[in-house]
Amino acid sequence: MVLNAVLGKLGSKRVVLASASPRRQEILTNVGLRFEVVPSWFKETLEKSSFAAPYEYAVETAKQKALEVANRMHVKHLRTPDIVIGADTIVSVDEQILEKPVDKQDAYRMLSRLSGKEHSVFTGVAILHCRNKDNQLETEITDFYEETKVKFSDLSEELLWEYIHSGEPMDKAGGYGIQALGGMLVEYVHGDFLNVMGFPLNHFCKKLAELYYPPSKHNIEHKKYDSIPSVDTFENLSDGEGESSSFPEHKGASKLDSSAICSSVVVHNSESNTAVRTGFMVPSENQNGVSDSAAKPPSKILELMDGFRASKALFVASKLKIFDHLKAKGPQKAVDIASELGTSVCGTERLLDACAALGLLEKTPQGYSNTDSANTYLTSDGEYSLHGYIIHSNDHLWPLFTNLESAVKEGKRQNHQAFGKKAEDLFKDYYHSQEVKQRFMAAMHSIARLTARDVATAFDLSCFKSACDLGGCTGALAYELVKIYPNLNVTVFDLPEVIANTSYLQPSGQHTPPVTFVSGDFFKDNIPEADLYILSRVLHDWPDEKIQVLLSKISSACKPGCGILLAEMVLDDEKKNRSTALLQSLNMLVQTEGKERSGSEYRALLEQHGFTNVKIRLTGNLLDVVLCVKTYEK
Ligand code: SAM
């Protein structure tokens, strides 16, 4: 018996689940659906960077899994299923897709990225209706995705490794299973729990309701079912057609779907193995004959149009130290905050409301308070405070970006135009005043703290005995390295103006392993001896000619077996996918003579100086990592 009448509709059909996942089988069996399991042979190898959003990848993989099974059953097993269900679950954090870990180190990398953070679990589902027409396989696909937000607690190293050694992470997207031991890592789940297990049952039922019980023409605007209709409702909605057909009553299935992006109808020809989209983004017409798609707001464009307002609201709230204030005082009303900050009540209230709507604050009858994420990232003493970088963005990058148009026209930095001073080199500009220098160092420090763990663990560096972080600034990465590799001696090398000012940003505590600080100019002075040279966000500051000078100097100091580790935002070779890195490259245009580079560009620069075996790891955090080894003398 099935409680749900839509699922009951499938009782007379040959339904196939194209998945070996025991969790998906359990979810569907538990609701009384009868189906056959034919695991898909489709390899999860689609190029992730070619998808604009992570869920698109999951949906496409789900479709391909279902199509592979339908095709194989039709051609090889000579029996055509009525319905094939494909699904793919991924975890996405910081726009990076995490699938199943390949080994324990990979599991460690994934889980430490999820630690203390909120991430999204997406399951893409494809419902494939199949028909054998003159020995040809015809298919119609309906697809959708479900997103659930999950937040992990802060995971200690000990807990992380204990969980990894349990073996549970290995066959699971993101390296955890919420239904077993992994549930202990989870602080909260927003959305469908079953989706995190691998199958969004609720959305699946709603989608079937849309397919089998389409709304009648007079109420076409209620295209989306907000709940699964009851049995009575089904009878009312049903037009009594289509029982004998494998295809649902889909007078244009795609038209019934309000989210055109995630639903399509595909006619699939098994011989040519090509899929012809017949219903993708088909605009529907309302009663007045006006195309619905024309009225849909272009959400991406609107978001970009407004982006600067949201950024500025964040910047101003940070400048006014509203997050620090609320952390210290607890929930407060706008009038009290305004009186303590000496700001207008009406202006403060609008800013607070905007911050709450942007998810930075919570608004309750008691007043405004910080979200967890504001406490961690936006307060100036938060564990991974981005306050320094936000203030740098407001005071330094904002005026520079105001001159982006001139930078694009002239192809050069805009420091003179933005700040009215004759521009020298980037760092002389930064270090001419104590205030600007400290602001810059705090900015570098906050990003380095946020990325240090991912940079330090992107590769196993335990074979190196000493490392020198050239341009290592406040030592944030250096301190993370000695924590992870206790036998590594790390030296930070930076300009004298920086080295003289690092002490206030260094970790305190007697258990902090030592890091050595050496001052000098890496273009002019000798650099300290080391097995591994680190350049984190250094190469992107300079044009190729300067990089040649620096790499040549490092190469001369390196014996074979020594390495270079770069931490940069690495562009894809075609320079078309990684928008954060491409915007950072614009950022370098307005203020430096440098730029962001692709993996191939870094490889070519390194190989010219005898460094080979170049490996690139995209961490999904703000910085990617390149490791190479000196194999021969130049
Ligand atoms: N590596 C740090 C990080 O990732 O946060 C800081 C990166 S910051 C963009 C560049 C660093 O290179 C600054 O700390 C700067 O002082 C240092 N630097 C610039 N020119 C230098 C030079 N000629 N010699 C030594 N260090 C230099």
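Only heavy atoms go into these numbers, but all of them, side chains included; no hydrogens, no water, no symmetry mates. Note that this is a predicted model, so its numbers are computed, not measured.
In this structure, K151 pairs ionically with D372, as a charged nitrogen and a carboxylate oxygen lie closer than 4.0 Å. Remark: K48 engages E99 in a salt bridge, criterion side-chain N to carboxylate O under 4.0 Å. Salt-bridge annotation for D154 and K117: absent, with no side-chain N of the basic residue lying under 4.0 Å from a carboxylate O of the acidic one. In summary, D353 and R350 do not engage in a salt bridge, as defined by a charged side-chain N under 4.0 Å from a carboxylate O.
Screening residues 444-461 for salt bridge (Lys or Arg N to Asp or Glu O under 4.0 Å) gives E157-R453 as the qualifying pairs, with residues at least two apart or on separate chains. Residues in residues 569-590 take part in no ring-ring contact (aromatic ring centres under 6.0 Å, His included) pair, two or more places apart or across chains. For the salt bridge (Lys or Arg N to Asp or Glu O under 4.0 Å) condition, the pairs that include at least one residue of residues 314-327, sequence neighbours left out, are K319-D395, K327-D381. Pairs of residues two or more places apart, or lying in two chains, that qualify as side-chain hydrogen bond (donor to acceptor under 3.5 Å, both in side chains) and include a residue from residues 574-583 are D572-N577, K575-E601.
A donor and an acceptor atom, one from each side chain of S600 and D573, are located under 3.5 Å apart.
Residues Y602 and R597 approach most closely at CE1-O, 3.5 Å, considering heavy atoms. Nearest heavy atom pair, residue L551 against residue L605, reads CD1-O, 3.7 Å. Between A452 and L477, the closest heavy-atom pair is O-CD1, 3.8 Å. Shown here for M588 and D541, the closest heavy-atom pair between the two residues is CE-OD1, 3.4 Å. The nearest pair of heavy atoms linking A557 to Y533 is CB-OH, 3.6 Å. Taking all atoms of both residues into account, the shortest heavy-atom contact from P54 to F122 is CB-CE1, 4.0 Å.
Atom NZ of residue K595 and atom CD of residue E568 lie 12.5 Å apart, to the nearest 0.5 angstrom. Distance check: I322 CD1 to T379 OG1 gives 13.5 Å after rounding to the nearest 0.5 Å. Separation of atoms CG (L470) and CG (L550) is listed at 6.5 Å; rounding is to 0.5 Å. Distance CG/N403 to NZ/K412: 12.0 Å, rounded to 0.5 Å. The OG1 atom of T592 sits 11.0 Å away from atom CG of D429, with the distance rounded to the nearest 0.5 Å. Taken from CG in L98 to NZ in K100, the straight-line distance is 13.0 Å, to the nearest 0.5 Å.
For the pair R603 (side chain) and K615 (backbone), a donor-acceptor distance under 3.5 Å is absent. In terms of modelled atom types and a separation under 3.5 Å, the side chain of S555 and the main chain of H609 share a donor-acceptor contact. Of the possible polar contacts, one joining the D494 side chain to the C473 backbone as a donor-acceptor pair under 3.5 Å is found. The closest donor-acceptor contact from the side chain of Y485 to the backbone of A456 lies under 3.5 Å. Remark: side-chain polar atoms of D94 are not paired, donor with acceptor, to backbone N or O of Q96 under 3.5 angstrom.
Side-chain contact between T619 and L623 is absent, with no heavy atoms from C-beta onward closer than 4.5 Å. Under the 4.5 Å side-chain criterion, counting only non-hydrogen atoms from C-beta, R537 is not in contact with M569. Under the 4.5 Å side-chain criterion, counting only non-hydrogen atoms from C-beta, Y430 is not in contact with K437. The side-chain heavy atoms of F493 and D469, taken from C-beta on, include no pair separated by under 4.5 Å. Under the 4.5 Å side-chain criterion, counting only non-hydrogen atoms from C-beta, I447 is in contact with L386. Within the 4.5 Å cutoff, side-chain heavy atoms of L566 are placed close to those of L606. The shortest side-chain heavy-atom distance between L314 and L378 falls under the 4.5 Å cut-off. Taking the side chain as every heavy atom from C-beta outward, K630 and D531 never approach each other to under 4.5 Å.
Among residues two or more places apart in sequence or in another chain, the ring-ring contact (aromatic ring centres under 6.0 Å, His included) test is passed with H432 by none. Contacts of R309 classified as side-chain contact (heavy atoms from CB on, under 4.5 Å), with partners at least two apart in sequence or in another chain: D306. For I301, the side-chain contact (heavy atoms from CB on, under 4.5 Å) criterion is met by P298, M305, not counting sequence neighbours. F51 meets the ring-ring contact (aromatic ring centres under 6.0 Å, His included) test with Y57; sequence neighbours excluded. Y389 is linked by a ring-ring contact (aromatic ring centres under 6.0 Å, His included) to H392, counting only residues two or more places apart in sequence or in another chain. For Y479, there are no ring-ring contact (aromatic ring centres under 6.0 Å, His included) partners, not counting sequence neighbours. Annotation: side-chain contact (heavy atoms from CB on, under 4.5 Å) contacts of A53 (sequence neighbours excluded): Y55, E56.
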Quiz prompt | Candidate pair H387 and S380, rule side chain to side chain donor-acceptor pair (under 3.5 Å), full reasoning | solution = CA-CA 5 Å; H387 184 79; S380 48; 5.0 Å; no
Quiz prompt | Trace of the side chain to side chain donor-acceptor pair (under 3.5 Å) decision for D88 with Q64 | solution = CA-CA 10 Å; D88 186 57; Q64 295 304 330; over 6 Å; no
Quiz item: Can you list the steps and then say if I547 with V549 is a side-chain contact (heavy atoms from CB on, under 4.5 Å)?
Solution: CA-CA 5 Å; I547 291 182; V549 174; over 6 Å; no
Exercise. Please lay out, stage by stage, how T474 and T502 fare under the test side chain to side chain donor-acceptor pair (under 3.5 Å).
Key: CA-CA 5 Å; T474 63; T502 53; over 6 Å; no
Quiz item: Does the side chain to side chain donor-acceptor pair (under 3.5 Å) test come out yes or no for T61 and E44, once each step is laid out?
Solution: CA-CA 7 Å; T61 304; E44 294 169 8; over 6 Å; no
Quiz item: Does the pair V436 and S433 meet the rule for a side-chain contact (heavy atoms from CB on, under 4.5 Å), with working shown?
Solution: CA-CA 5 Å; V436 177; S433 94; 3.2 Å; yes
Quiz prompt | Derivation of the side-chain contact (heavy atoms from CB on, under 4.5 Å) call for S318 and I391 | solution = CA-CA 7 Å; S318 298; I391 300 303; 4.3 Å; yes
Practice problem: Please assess R413 against L589 for the test side-chain contact (heavy atoms from CB on, under 4.5 Å), listing each intermediate value before the final yes or no. | Solution: CA-CA 6 Å; R413 60 200 294 251; L589 172 72; over 6 Å; no
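Taking the ring centroids of H396 and F419, they lie under the 6.0 Å cut-off.
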Return all side-chain donor-acceptor pairs below 3.5 angstrom for residues 518-530, not counting sequence neighbours, or 'none' if the list is empty.
unit_1	atom_1	unit_2	atom_2	d
D521	OD1	F523	N	2.8
D521	OD1	K524	N	3.4
D525	OD2	D521	N	2.7

